[in-house]
Amino acid sequence: MSDVVKVALVDDQQLVRAGFRMVIDSQPDLTVAVEASDGAQALRLLADHPVDVVLMDVRMPTMDGLTATGRLTARPDAPRVVVLTTFDLDEYVLEAIRAGASGFLLKDAPPEEMLAAIRTVHRGDAVIAPSSTRRLLEHLVTALPTTTDGPAHQALGELTEREREVLVLMARGRSNTEIAAELFVAEATVKTHVGRVLAKLDARDRVQAVVTAYETGLVRPGS
């Protein structure tokens, strides 16, 4: 059981949680360990019942998902948080990632995409659901001004040319394996570059690094 990924479901709709639980518990490597109907309850339960990945809704009573995400990811050994969203809540997605979420998933995504997102974000080696992630990011950043200074841009300037290439490919949704093939290097080398990119950008994970790539103009929507 030590290899089983423990998941928490945080959503105020019981039927939504029941549907997610049925899909997740059908997998031999995944299990739902915690259920909560709002952010405050999730924080209380997760303090005593640690999990690996949290699926977090945005709009909930008592405490919303954004607030809960920020408080949860500030804890030592915090789990990965995947924010559940819809296109009409796009403005909340970037806030959630800035609060420490590792990514996001469309609520109407097919079951296999949700399962892949849980496994991938737990593994930490790729941007989750690349097509949805890129589409949402591009939609979000069209309203953001490209920064020419500030901490993010300065941090970007510390990257080597190869690290910038790796970041661009990360922003295009490439996995480590795909980046290695495109740059004709070993996958272990890519992992090293990714680690250095995250450290220099002070990014918790790949999704936060990708947001920086878009915000600084290193990658532009549609490129």
Side-chain angles (χ1 to χ4, degrees), residues 52-53 69-70 72-83 85 90 93-105 113 116-223:
D52 302 301
V53 177
T69 295
L72 183 60
T73 57
R75 293 178 175 178
D77 300 319
R80 300 284 184 176
V81 177
V82 177
V83 172
T85 187
D90 276 350
V93 176
L94 197 55
E95 292 180 43
I97 292 175
R98 285 170 170 160
S102 294
F104 43 90
L105 182 71
E113 188 169 323
I118 294 171
R119 293 185 177 106
T120 306
V121 76
H122 176 251
R123 193 168 60 240
D125 66 355
V127 176
I128 68 168
S131 60
S132 295
T133 300
R134 184 177 180 186
R135 187 167 67 249
L136 278 170
L137 277 173
E138 291 189 352
H139 180 74
L140 282 167
V141 300
T142 53
L144 294 174
T146 300
T147 60
T148 56
D149 53 18
H153 199 272
Q154 292 170 10
L156 196 67
E158 295 180 8
L159 300 182
T160 65
E161 187 62 34
R162 178 45 60 93
E163 289 165 355
R164 289 168 73 94
E165 289 179 327
V166 169
L167 178 55
V168 167
L169 292 174
M170 287 164 57
R172 291 174 178 160
R174 304 289 199 278
S175 67
N176 284 353
T177 302
E178 292 168 336
I179 294 174
E182 193 154 338
L183 297 181
F184 302 101
V185 297
E187 188 171 346
T189 301
V190 174
K191 290 181 179 179
T192 298
H193 287 315
V194 170
R196 289 174 179 166
V197 168
L198 298 185
K200 290 181 180 180
L201 297 183
D202 194 26
R204 185 169 184 265
D205 53 37
R206 295 170 73 113
V207 174
Q208 291 186 321
V210 168
V211 170
T212 298
Y214 277 104
E215 289 184 315
T216 56
L218 178 65
V219 177
R220 298 185 181 280
S223 64

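For Arg164, there are no side chain to side chain donor-acceptor pair (under 3.5 Å) partners, not counting sequence neighbours. With sequence neighbours left out, the side chain to side chain contact (heavy atoms under 4.5 Å, CB included) criterion links Thr69 to Met56, Thr73, Val81, Val83, Ala99, Ala101. Taking the side chain to side chain donor-acceptor pair (under 3.5 Å) definition, one finds that Asp52 meets it with nothing, sequence neighbours left out. By the side chain to side chain donor-acceptor pair (under 3.5 Å) test, Thr189 is found to be paired with no residue, residues two or more places apart in sequence or in another chain being considered. Residues meeting the side chain to side chain donor-acceptor pair (under 3.5 Å) test with Glu158, sequence neighbours left out: none. With sequence neighbours excluded, the residues forming a side chain to side chain contact (heavy atoms under 4.5 Å, CB included) with Ala203 are Leu198, Leu201, Gln208, Ala209, listed by chain and number. Under the salt bridge (Lys or Arg N to Asp or Glu O under 4.0 Å) criterion, Arg162 pairs with Glu165, sequence neighbours left out. Considering only residues two or more places apart in sequence or on other chains, Thr192 meets the side chain to side chain contact (heavy atoms under 4.5 Å, CB included) condition with Arg196.
Residues Ile118 and Val82 fail the side-chain proximity criterion, which asks for heavy atoms closer than 4.5 Å.
Closest approach of Leu218 and Leu167 over heavy atoms only: CD2-CD2, 3.6 Å. Residues Leu159 and Val197 approach most closely at CD2-CA, 4.1 Å, considering heavy atoms.
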Report task. I would like to know whether His193 and Val190 meet side chain to side chain contact (heavy atoms under 4.5 Å, CB included); could you show each step before the answer? Result -> CA-CA 5 Å; His193 287 315; Val190 174; 5.5 Å; no
Requested in this report: Just do the side chain to side chain contact (heavy atoms under 4.5 Å, CB included) check on Arg206 and Asn176 with the steps written out, would you?
Outcome: CA-CA 11 Å; Arg206 295 170 73 113; Asn176 284 353; 2.5 Å; yes
Report task. Show your working on side chain to side chain contact (heavy atoms under 4.5 Å, CB included) between Val166 and Leu183 and close with a plain yes or no. Result -> CA-CA 9 Å; Val166 169; Leu183 297 181; 3.9 Å; yes
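To the nearest 0.5 Å, atoms CG (Leu105) and CD (Glu113) are separated by 6.0 Å.
The only member of Arg172, Met170, Glu187, Lys191 that meets side chain to side chain contact (heavy atoms under 4.5 Å, CB included) when paired with Ile179 is Met170.
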